[in-house]
Amino acid sequence: MPWEQQQRLLVGTGQCQRQLEYPNNQVPCLCFFHSMEQYPNWASTTARKRKTPAKEEDIFNGISLDELNQDLLERVLSWLPTSSFFRLRSVCKRWSSVASSATFRIACSGVPSRDPWFYMVDPNLDDQSIVFDTTEGNWKNLNYPSILLQDHNLKSIPVASSGGLVSFRTASGNFVICNPVTGSCRELPMVNSVCESQTIHAIAMNSSLQHSSYKLVLVLGEFPTLTVKIFDSAKGHWEDDFILSRKTNTILGSDQAGDETVYFLSKAGDVVATNMQRSPSKQYSSVITVENGEEVIYFLSHSGTIVACNLSRRCFTEFPRLLPVFFEYSIDVVECRGEMFVVVLWEFLESASLRVWRFSEATRSWAQVAAMPLAMSHEFYGKKADINCVGCGDRMMICVNSGEFRSYILCDLVLNEWIELPKCVVDGKAKEFMSAFSFEPRVEASV
């Protein structure tokens, strides 16, 4: 292989952000996996060349891969895109041993963040795990967790996600925590019968990569009596319930709208009351944020208002309405950059408008932070579409569904960019999804 081509293979991906010192500023083997996709026969060719010391020394200017100690090799490989980890075992025996190394997973935990993947939910809840990789901008089909294929767990639906984990709820009401990348799963202990008999309003997750732990939080009951149930993985059991008191809403100026009815649009195009189920995966639509060290869960009430539950202070309050009660619209809550945002799709002045809002404590009102270009949102006019949204970092995915079409849009709140994703084609047919859950693809995330 000509030296110029070898240089192009060895540099330019920018995947390794850690500064390492080598003679002549040469960094060995940082982009093997990136190059393998462009040169499908390159891996086998390289493996043969490894048997010729002279060739190897020519490539790395005197530095051999065998000369790197195991710790350094694992730290270098930990910065590769997560999709590359699936191919570690196919390179050589040493790299294959890295893939299953406990110290390699520790090295991966040192990477501060990874671009999100979006776990897609099929309307029929098929036993497939399809994700959208924002790093490579393509769809991937992962192995479906075997525990969810068992008879008592069939038709499980994802209900929450955090860090590198996704939570599923089974038909029996039990919960399964899964790492979609590795396929590792854990079935949580059954929730007590008292909780099972109550209405669940919100299911949210919060995880800590540093402490390898997570919490699954349920908000249930009937207004104005709300109860919180928390599973703490560090303790390995469900904690005792506690009741949330209702905080007087004089600051926010919210009306007592909990007993009123707002109408949403179903995916079939019918107008239905919100006390009816929206979509199976988003009926518990909620997000959790940490504000001044206090955990707060936001969810949509049956009347269409946003309810904020402060777990630290054990109280809840309602935000003022975003739109008048008689408006027909679809709404969802998302978390981006540690804040709660509301996405609303409604029709106005013979067009459709999709906008993102944030509540301003200073003005005690909702403020618009982003809006889809009218050229894109007008396509939804007259379609009676429903939206299901999820956020991660600066980005959010919006799944737009109606009886006539489905569209998946990725929005960057910082750049105010709106990009429609390509269709996901499986066995020659375009796959349809009704919602998504975001997670960081981390091999080290433990259930």
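Positions are given from 1, in the same order as the sequence printed here. The figures here come from the full heavy-atom set of this structure, side chains too, leaving out hydrogens, waters and symmetry mates.
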> Under the salt bridge (charged side-chain N to carboxylate O under 4.0 Å, His left out) rule, what pairs show up with a residue in residues 416-427, not counting sequence neighbours?
Replying inline: none
>> Donor-acceptor check, side chain of Trp418 to backbone of Ser377, threshold 3.5 angstrom: yes or no?
In response: no
>> Tell me whether Asp394 at atom CG has more than 12 heavy atoms from other residues, nucleotides or ligands lying less than 6.0 Å away.
In response: yes
>> In this structure, is the centre-to-centre distance between the rings of Phe405 and Phe380 below 6.0 Å?
In response: yes
>> Looking only at side-chain N and O atoms, does Thr227 offer a donor or acceptor that is under 3.5 Å from a partner on Asp241?
In response: no
> Below 4.5 Å, heavy atoms only, C-beta onward: do Glu187 and Asn174 meet side chain to side chain?
Replying inline: yes
> Is there a donor in the side chain of Glu444 and an acceptor in the side chain of Ser109, or the other way round, less than 3.5 Å apart?
Replying inline: no
>> Do Glu440 and Ser113 pair up side chain to side chain, a donor and an acceptor below 3.5 Å, judged on atom types alone?
In response: no
> Run the salt bridge (charged side-chain N to carboxylate O under 4.0 Å, His left out) check on Lys140 and Glu136 step by step: do they pass?
Replying inline: CA-CA 10 Å; Lys140 288 179 170 56; Glu136 298 183 354; 2.8 Å; yes
>> Once ring-ring contact (aromatic ring centres under 6.0 Å, His included) is applied, what residue pairs with a partner in residues 164-191 remain, sequence neighbours excluded?
In response: Tyr119-Phe168
> Who passes side-chain contact (heavy atoms from CB on, under 4.5 Å) against Asn310, sequence neighbours left out?
Replying inline: Glu294, Val296, Ser312, Arg313, Cys315
> What residues, two or more places apart in sequence or in another chain, satisfy salt bridge (charged side-chain N to carboxylate O under 4.0 Å, His left out) together with Glu432?
Replying inline: Arg406
>> Going by the rule side-chain contact (heavy atoms from CB on, under 4.5 Å), which residues pair with Pro224 if we only count those two or more places apart in sequence or in a different chain?
In response: Arg246
Show me, pair by pair, the donor-acceptor contacts under 3.5 angstrom made by side chains of residues 334-345, not counting sequence neighbours?
| unit_1 | atom_1 | unit_2 | atom_2 | d |
| --- | --- | --- | --- | --- |
| Glu335 | OE2 | Gly338 | N | 2.8 |
| Glu339 | OE2 | Arg358 | NH1 | 3.4 |

> Would you say the side-chain atoms of Lys429 pair up with the backbone N or O of Val425, donor to acceptor, closer than 3.5 Å?
Replying inline: no
>> Distance alone, cut at 3.5 Å: any donor-acceptor contact between the side chains of Glu404 and Ser402?
In response: no
>> I want to check something: taking the side chain as every heavy atom from C-beta on, are Ile130 and Phe433 in contact at a cut-off of under 4.5 Å?
In response: yes
>> For the backbone of Ile203 and the side chain of Ser286, can you confirm whether one donor and one acceptor N or O come within less than 3.5 Å of each other?
In response: yes
